[in-house]
Every structure is written in C-alpha cells, then in structure tokens.
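Order of the sequence lines fixes the chain letters, A, B, ..., with proteins taken first and strands second; residue numbering starts at 1 for each chain.
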Amino acid sequence: MDNTLSQQLTPSQKRAVFHIEGPLLVLAGPGSGKTRVITHRIAALVDSGVRPYNICAITFTNKAAEEMRQRAAALGASGGAHISTFHSLCVRILRRYAGSAGVRPNFSIYDASDQARCMKQAVKDCELDATNFPPARMLDAISTLKNKLVDAESFRDYADDFFSKTLAKVYLRYQLILNERNGLDFDDLLLRTAFLLDSWPDVCSELSNRFKFLLIDEYQDTNHAQYRIASALASQHGNICATGDPDQSIYGWRGADIHNILAFETDWPDATIVKLEENFRSTPNILTVADSLIGHNHKRKLKKLLPTRQKDKDVVITASEDEAAEAGSVVRHIEELTATGASLNDIAVFYRVNSMSRVLEEAFIRSKIVYQVVRGVEFYNRKEIRDLLAYLKVLVNPDDEIALLRIINTPARGIGKVTIDRLRAYAARNQLSLFEALKHAERIDSLSKNAKARLAAFVDILRRFEKDTAGPVGPVAERLFEESGLAVALRAAADQGKDALENVNELINAAADYDRQAEQPSLIDYLQQISLFSDTDAYDPASGRVALMTLHAAKGLEFENVFIVGVEEGLLPHEKTNSYEDTDELEEERRLFFVGITRAKTGLYISYARYRTIRGQLLRTIPSRFLFELGCSFTEPADHDDDYDHEDHEQDQPGRGPPSARFTAGQLVQHESFGLGRVKEFIDIGENSIVVVKFNTGQTKSLMLKYTDLVGPF
DNA sequence: CTTGAGTTGGTTTTT
DNA sequence: CCAACTCAAG
C-alpha cells in the first residue's frame, strides 16, 4: 500500500487494515473512520496479492456499497471485488444455485404490501378472523421465525399451544401461496441462502473458496440468518473481518441480534480484536452529550468516545409551542447557519417517524429552503410506477399473481370482478395458475363472449413482449408503457396525470441507466435489484439541499449540522416500544437517539414541541426522558402559568375538542403506578367521569376521574 | 363494469 | 389523519 495513505491512519486503524489472515473484529465507535478502514483494508488485501475476485464486502445498504466501490477504486483496488448488501448477495447466490436452493431463478421479491396481500389470503384460507389474527401481527411473527431460520414445517412440528398451532397453519399457508407465485419475501432471501449453504456442502465450499476474504460492516445489526450465512462463507478459511458498534444497534425489532457481535470472540477463538475509540467526526461538545446519553444504557460494555477535535459550538436544545413552531425554529436556525456561510448540503433534519416530514416540508417551502426527503422507496410505491413494474414482473414471472391481478384491468379494459372470479374458479378446478387459465380463456364456458375477447386482447399485449426479457430494460419499459394502454390513460387524466407521466419517464430513464451500468442487463436482474432499494439509496450528498430523513435512515451518514426534532415521550422513545419499563426496547430507542446525535460534526440542534397534532388532534406532549439524560443544562421551560394560558387559549377556539373535557382520546397521560398510557376514551358525565386508558404495560384500565391520580395534560 | 361516495380500521423504524 | 375497502348508482 501507498505509504502516504497508510500514514493517514492511526496505529489501531493500521492494525485493522493490515491484519490480513484470520478472523478480525473491529469494534468501532461512531466517527472513528471505520469505513475508511474497510476500504483501505480492501486496498491492502489487493496490494498483498489477493485477487479482487476473491474479496466479498457486505454493507448495510446499496448506497454504502456503491460508495465503498468508488472509494476502493480510488485506492487502486478497482473492479472485481464483490461489494453489496446481504440481500443482494443472496439474490445472486439464489439465482446461480436456484436448483439446489429449491427456487426458480425468475422469482419475484415481495415487498411489505405484496406480503400483506399474501397474508390476508392465507388468513382467509385458514378460515380465521382477521381481527383476532391481524395479518400484520402474523407477518411479524413469521418474519421473526424466518430470521431465526425456522421454516414453516419445523415450526408446525414444534408448535404446542393454541396460538402457535394457528400461527403454524397460517405460516404453512402463507408459504404455499408464496411458492405458487414464485415469490420470495425479504426474509426468504436470507433463509433460503442459509439453508442452501447448510444443506449443500459443495456449494458452501465453492462459495467460501470464491470469497476468500469476507468483510462485513455494521455487524451489530446482523440477524441470525445473516450470521449463519457469514459463518458459512468464512468456513473454509476464517478470513472474516467484522466491524460494528454495539451502541449503534438499532434494528433489534427486525431480528438483529446484538449477540452476534458480542460473541465473535467465542465463535472465532483466534480472533484479533481491534478497537477504534477515537472520534474524528464530532466536537467534544457533541460527544459529551452522546456519552452521557448512552451511559444510561445498562446492558453495554463501558466505552468512552475519545474526542480529537477542538471544542466548538454548544449543543442547542429548543422547546417550541407546537410542531409548526418547531419547524419554524429549525428554519430560523438554518437561516442563521447559511448566513454564516454553511451550505444546505451540510444540514440534515432527523425525526423518528416518516409522517413528521410534512410539517418540516411545509415550513421549508414557505421559507424557500430547498430540501430532499430521503425516502427512496416512496418513488417505487407510486401507483403509476407500481403499475408499470407489475407489467414487467408478469413478463418475467407469469406466476406472480399479485402483479397479474394488478394489471389485468389497469388501465380499465372491462375485466371486472366477475370475470376474474370465474377465471380463478377455472384455474382452481384445473390446478392451473391464473396466468395459465388466462391463456385458456377461450375454453372457459362460464365466460361471456365479450369477456373472452377482452381477456384475449390482454394476453395478446403480454405475448408481444415474451421475447424481451433477456436484453436491455429501458426500451421494453417504454414500449410496454405505450402498448399496455397505461400511457393513453395517464395522458387522458388531465393534471394529476402530468406528475405521473414524469414519474414514469424517470423510471424509464433509471432503467436505461441500469442498462448502461449492468454488465449483463436483464429484466429479471433489474426487477430483483430495484426490489432491494432502500430509503438511503436516494440520498444525494451533493444536491445542495437540506436532507430530511428518519433516524434509522441516518445510520452511516454524517453532517456538519444536525437537527433532531420531536424528542418527546411517545415519539422518542416511541410509544409502540413498550418503553415505560427499562426494557431492551427502551435501550434500543436510546441507541437510536445516540446514532442521530453522533451524525453531527459541529452543530447539533435538539428540539421538542409542547403540543403536537397526532392523528388530527392537538395533544399535550411530555419532553423525552432522554433530554434529561444528555447531561447538559436542560431545564424544562414549561411552567404552570403557561399551561393555564394555553388551556384557556385552546378553549377559545372551536374545533379543538370539547372544552369541558379534561381528557381526549389519544392523549398521553401518566398514572402513578401504571405509568405512561394513552387515553382510549373519555366518558364525560360530570363528577363521575371515567377515563379509559391503555397503558404501555399492555393493560387497559377504566379509571374514575375523582379517585385516580392521572396526571395530564402535563 | 365503472365510478365515486361513504365507512372503517390502523397507525414505527426497513432490507 | 389517511388508505383501503364496501356499496350503490349509473
């Protein structure tokens, strides 16, 4: 390696970079130059004679992979190394070894909404009530099982209580539906790959010998399936380098198992551990606050962030009246920053939930501050985009019934519910897929002559594209857009069609981009790739705009100035995370805040609003407990006189809830012994009024106002 | 069969 | 508040 490059590294970074053989764990705090270590390490490997072809680096997002590719190239290790996410790697492996893995290579990847459809069907097929067995809950449970590599059959053999047995039935059914449609959900990609590597030793050793050096970033957020895949890939040589920081583990809810990183030394007894504790990113002002906050987590190894920068601006904590005022305060601070020379590129605003972006966007538009909402997947959720993609999906995978049903009457071509039902009945009777039945429409007696003709016309459209699945994607997408009738329908739809047309154009351009970049463009590959896009992938660091994103999306990024808004009880920590008790989930919320804070280099602005509109209702909030854990002189400005002022003010305005009500549904309250909860119902009968509260402990209580110590609004 | 109005229910974070 | 679903009229 180039001497000047290695001179930029600290001794511990050098150790991590040049420790070539055997297992290596890099425990790296935020801002420790971890990414740089990995890219330098790739370069060092190549430098020491390793063929790039034998290197596999796994990152957390496609964006991170892209950046790493570029940086590695800049260090002279260009081309050949496989750098991607776990999911992308699994797609490649599954396509290559489809036969052994028990999948067909043209599988569709099912996203959350596709999964929801399949699950609804599964619950219905099992003759269960959707209220007792909500599809979302079922999916959650199944996802957890899949992440632990428990497939439907093993779970069925294992289930002993009523709920588990029911869940097992649903799981089997759900999986059957997926299989029939040749669809894999995100978890399947991992599970199938893990099973493949486990049950085919020759495949496992072939891959392990191909990837002689394995590097895995953000190891603290790997789940069991990923852990097993990683172990299998390293099985032949043990050249596994994992990097991560237990304090930045924020995906426990998705099955990430912090144990993976904690047990690395046990898994690989001859492992070398390198710690990167210096922080090159943030000022001591910020690190002190971060340290103080994360110190409130009990289940962690003690670790200090060692600052290397000089003191600079103090951390600013702002209390605003409501979310609009909070957004206004963000705008004012941004204007101050830009007035002193900061670029909008250097500014980011983080929030806990996506819905919070709206009020910020409105404020930015009013103040003419340009911004980007980092939400890449949103584009692919637009109706017109999903429609066009559904056509492409059906071409690649005709068994994808979800896609087929989406387009069969889009744009409207007179194929309604009755026709589809008859088609389905025929398919079921003859053990055919819906698409097969469609091709036989002529022979289905129950169909009217008209219906037959319409179905034939539809099949004809698809038939014209049958041979186009191999080559470039852009031209196919463009032609299909026209010939499917989507184009005509959108052009007819006056004003809102205009946006839609632009979006479709963007999609076609993106597809053409893909054609240029891919070594061997194909529709299958394209569709599978875009299914794995993440929000962060859309982040453009040179856009000259303020970046708005969730705290989760902020992972791995850094900004000169960071705003974190809505730091309130119920939001951060989020109320859904059973966080009144000192639980693991609460600790994860704290880590999430920690991740947000440590993204900031120089300016850190934390804020909360005293009132916030939640589901259309203006509610009193409680400042987050985390604010008190920051260790800086934070005093809650709320005092009682202010409260009453506001109450009065509120009562003057009609439409803000009944003035006599002391509680309104949805409101956050605190009880001396039950803790935090939300008002479900307030039965206002004067002196004997009753409040029904659902507490975070899970229990719902009806409390009589005059006997209870319910505190709220705060 | 299509469309629009009305109702209902669900609401975190994401590969 | 919003999306997804239901139902009735055209």
Requested in this report: For A:Lys63 and B:dT15, give me the distance from atom NZ to atom C1', rounded to whole Å.
Outcome: 17 Å
Report summary line: To the nearest angstrom, the CG-P distance between A:Leu592 and B:dT12 comes to 15 Å
Query - Distance, rounded to the nearest Å, where A:Asp537 contributes CG and B:dT15 contributes P - result: 7 Å
Requested in this report: Check whether any side-chain N or O of A:Thr550 sits under 4.0 Å from OP1 or OP2 of B:dT14, and answer yes or no.
Outcome: yes
Query - Spacing of A:Asn381 atom CG relative to B:dT14 atom P, expressed in whole Å - result: 12 Å
Requested in this report: Determine the contact category for A:Thr131: base if any of its heavy atoms lies under 4.0 Å from a base atom, sugar-phosphate if only primed atoms, P, OP1 or OP2 are that close, otherwise nothing.
Outcome: nothing
Report summary line: On DNA chain B, more 5' by nearest nucleotide between A:Leu532 and A:Val418 is A:Val418
Query raised in the report: Touch check for A:Tyr251, heavy atoms < 4.0 angstrom, all strands: base, sugar-phosphate only, or nothing?
Result: sugar-phosphate
Query raised in the report: Checking salt bridge (charged side-chain N to carboxylate O under 4.0 Å, His left out) for the pair A:Asp114/A:Arg181: CA distance, chi angles, key distance, verdict?
Result: CA-CA 11 Å; A:Asp114 299 328; A:Arg181 296 171 186 190; over 6 Å; no
Query - Residue pairs fulfilling salt bridge (Lys or Arg N to Asp or Glu O under 4.0 Å) with at least one residue in residues 83-98 of chain A, sequence neighbours excluded - result: A:Arg95-A:Asp525, A:Arg96-A:Glu206
Requested in this report: Indicate, with a heavy-atom threshold strictly under 4.0 Å, whether A:Asp187 touches base, sugar-phosphate, or nothing.
Outcome: nothing
Requested in this report: Look at the side-chain N and O atoms of A:Ser531 and state whether any lies under 4.0 Å from the OP1 or OP2 oxygen of B:dT15.
Outcome: no
Report summary line: The nucleotide from B:dT13, B:dT15, B:dT3 with an atom nearest the side chain of A:Thr536 is B:dT15
Query raised in the report: Taking the six-membered ring for Trp, are A:Phe593 and A:Phe626 parallel (under 30°), tilted (30 to 60°) or perpendicular (over 60°)?
Result: parallel
Query raised in the report: What distance, rounded to whole Å, do you find between the two P atoms, one in B:dT13 and one in C:dA4?
Result: 15 Å
Requested in this report: Report yes if the ring of A:Trp253 lies under 5.5 Å from the six-membered base ring of B:dT13 with planes under 30°, and no otherwise.
Outcome: yes
Between protein and nucleic acid, restricted to nucleotides 2-8 of chain C and to nitrogen or oxygen atoms under 3.5 Å apart, what atom pairs and distances do you find?
residue, atom, partner, partner atom, Å
C:dC2, OP1, A:Arg358, NH1, 2.4
C:dC5, OP1, A:Lys120, NZ, 3.2

Query raised in the report: In whole angstrom, what separates A:Gln248's CD from B:dT14's C1'?
Result: 17 Å
Query raised in the report: Looking for any heavy atom pair under 4.0 Å, which part of the strands does A:Asn354 touch: base, sugar-phosphate only, or nothing?
Result: sugar-phosphate
Query raised in the report: Which comes earlier along DNA chain B counting from the 5' end, the contact point of A:Lys417 or that of A:Arg254, where each point is its nearest nucleotide?
Result: A:Lys417
Query raised in the report: Nearest 0.5 Å, what's the CG-CD distance between A:Leu490 and A:Glu384?
Result: 6.5 Å
Query - Spacing of A:Tyr110 atom OH relative to B:dT15 atom C1', expressed in whole Å - result: 18 Å
Requested in this report: Please determine, for the side chain of A:His87, which listed nucleotide (B:dC1, B:dT3, B:dT15) has the closest atom?
Outcome: B:dT15
Residues 132-145 of chain A, side-chain donor-acceptor partners within the protein, below 3.5 Å, at least two apart:
residue, atom, partner, partner atom, Å
A:Ser143, OG, A:Asp187, OD2, 2.8
A:Thr144, OG1, A:Asp140, O, 2.9

Report task. Could you tell me whether the side chain of A:Asn297 and the main chain of A:Ile294 form a donor-acceptor pair under 3.5 Å? Result -> no
Query raised in the report: Nearest-Å distance, CD (A:Glu575) to C1' (B:dG10)?
Result: 13 Å
**Report entry** Minimum-distance nucleotide (side-chain atoms of A:Thr419 versus B:dT3, B:dT15, B:dC1)
**Finding:** B:dC1
Report task. Remember a base hit wins even if backbone is also touched, and classify A:Asn409 as base, sugar-phosphate or nothing at under 4.0 Å, heavy atoms. Result -> sugar-phosphate
Query raised in the report: Hey, is the main chain of A:Arg625 close enough, under 3.5 Å, to the side chain of A:Glu569 for a donor-acceptor pair?
Result: yes
Query raised in the report: What integer distance in Å separates A:Asp185:CG from B:dT15:P?
Result: 15 Å
Report task. May I ask you to decide if A:Thr61's main-chain N or O and A:Thr59's side chain share a donor-acceptor pair within less than 3.5 Å? Result -> yes
